[in-house]
Amino acid sequence: MSGVFVVFEGGDGVGKSTQQKLLAQRLADAGVPHVVTRQPGGTAAGQRIRELLLDPTTGDLDPRAEALLYAADKAQHVGEVIRPALERGEVVVSDRYVDSLLAYQGAGRVLRAEEVAAVAAWATDGLRADLTVLLDLEPGAGVGAKADKDRIEAAGDAFHERVREGFLALAAAHPAHYLVLPARRSREQIAEQVWRRLAELLSEPAGRLDP
Ligand SMILES: Nc1ncnc2c1ncn2[C@@H]1O[C@H](COP(=O)(O)OP(=O)(O)OP(=O)(O)O)[C@@H](O)[C@H]1O
Ligand SMILES: [Mg+2]
């Protein structure tokens, strides 16, 4: 595979989708072939899984069932969208990936983090992002302005603080594959830093970092 896999991660309302759009625009301007996608919901099957996961009328899901639904979305997404695009040598820009599963499902303190990580690795056939941009923000700030909270967003501040710590711990464990940025910086400043880091990756002879 010779493409580059970039992921935006972070809590709710931190600016992931905004930065994904800005990066896609820069890639288009630079004439770099790319695919813009998201999890959950980056495939037709994934879209149905997304609706099931986020709809408040779904009610309480067993934590293992919830983790497996997220994992199923990822398996389909990697097989149908991400891996084929990387094999074509394209840049894939995803709004969320494995770290969201690890941070959110691990934060519930019900499932063991190593077990969720093993499920995620199996579901994605071991595919890791070359660069994960983590937009870091204290919980509550991003979702505060939104009136309708979905099922996950409604889970409470202590939960979201553990999610934030989970994301930061993942970044700290593999710093070469992460760019952690305070989400409060301006859109333009964040976009510029992301672009600079990606440009380094794109200019490497092999096109991507070693695992
Ligand atoms: N750097 C920024 N500074 C201030 N506001 C921002 C910034 N980036 C995005 N916003 C605004 O914050 C809101 C949330 O942004 P966005 O939808 O991109 O976040 P998100 O992480 O994708 O959210 P969600 O988790 O709901 O998908 C939007 O109104 C957006 O315009
Ligand atoms: Mg979004």
Side-chain angles (χ1 to χ4, degrees), residues 5-28 34-44 46-58 61 66-67 69-70 73-74 77 81-82 91-108 120 129 131-171 178-198:
F5 184 17
V6 184
V7 173
F8 286 100
E9 289 281 11
D12 306 310
V14 294
K16 299 179 297 298
S17 303
T18 300
Q19 289 303 322
Q20 186 188 37
K21 281 194 202 89
L22 292 172
L23 180 57
Q25 189 57 56
R26 288 209 184 210
L27 287 165
H34 62 282
V35 170
V36 174
T37 189
R38 70 169 179 177
Q39 289 192 353
T43 61
Q47 188 54 39
R48 298 183 71 175
I49 296 171
R50 180 187 178 93
E51 285 161 18
L52 179 62
L53 282 164
L54 299 184
D55 184 348
T57 67
T58 296
L61 276 173
E66 183 177 69
L69 284 167
Y70 277 111
D73 169 77
K74 291 178 200 311
H77 195 217
V81 176
I82 302 174
V91 174
V92 176
V93 186
S94 184
D95 191 336
R96 296 194 185 276
Y97 188 52
V98 164
D99 286 14
S100 282
L101 176 60
L102 303 183
Y104 282 87
Q105 268 57 49
L131 173 63
T132 297
V133 179
L134 173 57
L135 299 174
D136 181 51
L137 185 69
E138 68 278 8
V143 287
K146 278 170 80 175
D148 298 327
K149 296 189 176 188
D150 66 31
R151 206 178 56 84
I152 307 293
E153 287 171 340
D157 268 3
F159 174 84
H160 287 287
E161 186 52 46
R162 293 199 296 275
V163 170
R164 180 193 196 186
E165 286 162 14
F167 277 127
L168 288 169
L170 290 166
Y178 283 82
L179 177 62
V180 182
L181 297 172
R184 287 196 185 286
R185 287 188 187 155
S186 75
R187 292 171 179 81
E188 297 71 24
Q189 228 183 333
I190 292 169
E192 183 60 29
Q193 284 176 285
V194 171
W195 181 245
R196 271 193 227 152
R197 182 69 178 266
L198 180 59

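Nothing fancy with the numbering, it's 1 onward along the sequence. In listed order, ligands and their atoms are each counted from 1.
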Can you list the atoms of ligand 1 that are under 4.0 Å from a heavy atom of [X]?
X: Ala183; result: 1 (N)
X: Ser186; result: 1 (N)
X: Asp12; result: 25 (O)
X: Gly13; result: 14 (C), 19 (O), 20 (P), 21 (O), 23 (O), 24 (P), 25 (O), 26 (O)

Q) What part of Arg185, side chain, backbone, both or neither, has a heavy atom within less than 4.0 angstrom of ligand 1? A)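 The part of Arg185 near ligand 1 is the backbone, not the side chain.
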Q: Could you confirm whether Ser17 has any N/O/S atom lying under 2.8 Å from the Mg ion (ligand 2)?
A: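 An N, O or S atom of Ser17 is closer than 2.8 Å to the Mg ion (ligand 2), so yes.
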Q: Return yes if some donor-acceptor pair links the side-chain N/O of Gln19 with the main-chain N/O of Arg187 below 3.5 Å, else return no.
A: yes
Q: Using atom types as modelled and distance alone, determine if a side-chain donor or acceptor of Glu9 lies under 3.5 Å from a backbone N or O of Lys16.
A: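 A pair under 3.5 Å: no.
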Q) Would you say Asp95 has any N or O atom under 3.5 Å from an N or O of ligand 1, going by distance alone? A) no
Q.
With salt bridge (Lys or Arg N to Asp or Glu O under 4.0 Å) as the criterion, how do Asp136 and Arg164 come out once you've worked through the C-alpha distance, each side chain's angles and the decisive distance to 0.1 Å?
A. CA-CA 7 Å; Asp136 181 51; Arg164 180 193 196 186; 2.9 Å; yes
Q. Ring centres of Phe8 and Tyr97 under 6.0 Å apart?
A. no
Q | Salt bridge flag under 4.0 Å for residues Arg26 and Glu192 | A |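 Looking at Arg26 and Glu192, the cut-off is met.
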Q: Would you name the heavy atoms of Arg38 and Ser94 that are closest together and state the gap between them?
A: CA-OG, 3.9 Å
